[in-house]
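Here the structure is laid out as structure tokens; the discussion comes afterwards.
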Amino acid sequence: MQTIYVQVKRYAENNVIGSPEIDSFSGALRRKRADRGVFITTSSRHSKPLNN
């Protein structure tokens, strides 16, 4: 059986998601030993590529 964690955030229209938010979620997934994670947001992503 797989463990999948989902994080859903509703941010302000002008808020931009960057590496710190993704890194924090990724760290939580590792601590919980989750098999997969889904990050859903109403925001946009920073234009800098994310390498994970």
Side-chain angles (χ1 to χ4, degrees):
M1 181 182 294
Q2 291 185 342
T3 303
I4 302 171
Y5 281 81
V6 178
Q7 181 167 322
V8 180
K9 298 280 188 175
R10 182 177 180 198
Y11 287 107
E13 203 172 301
N14 60 348
N15 192 40
V16 178
I17 299 298
S19 293
E21 291 84 3
I22 302 298
D23 290 345
S24 176
F25 183 57
S26 178
L29 294 174
R30 281 193 295 275
R31 285 190 299 279
K32 295 291 186 178
R33 296 191 175 147
D35 298 302
R36 297 175 192 267
V38 179
F39 191 98
I40 300 170
T41 180
T42 58
S43 184
S44 59
R45 183 174 58 99
H46 191 275
S47 60
K48 182 180 174 186
L50 300 173
N51 296 323
N52 285 349

Quiz item: With the 4.5 Å side-chain cut-off for hydrophobic clustering, are Ile40 and Ile4 part of the same group?
Solution: yes
What distance do [X] atom [atom1] and [Y] atom [atom2] have between them, rounded to the nearest 0.5 Å?
X	Y	atom1	atom2	result
Leu29	Phe39	CG	CZ	10.5 Å
Ser43	Asn14	OG	CG	8.5 Å
Ile22	Gln7	CD1	CD	8.0 Å
Arg33	Thr3	CZ	OG1	11.5 Å
Thr42	Asn15	OG1	CG	8.0 Å
Tyr5	Asp35	OH	CG	10.0 Å

Quiz item: What are the two closest non-hydrogen atoms of Thr41 and Tyr11, and how far apart are they?
Solution: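 The answer is OG1-CD1, 3.2 Å.
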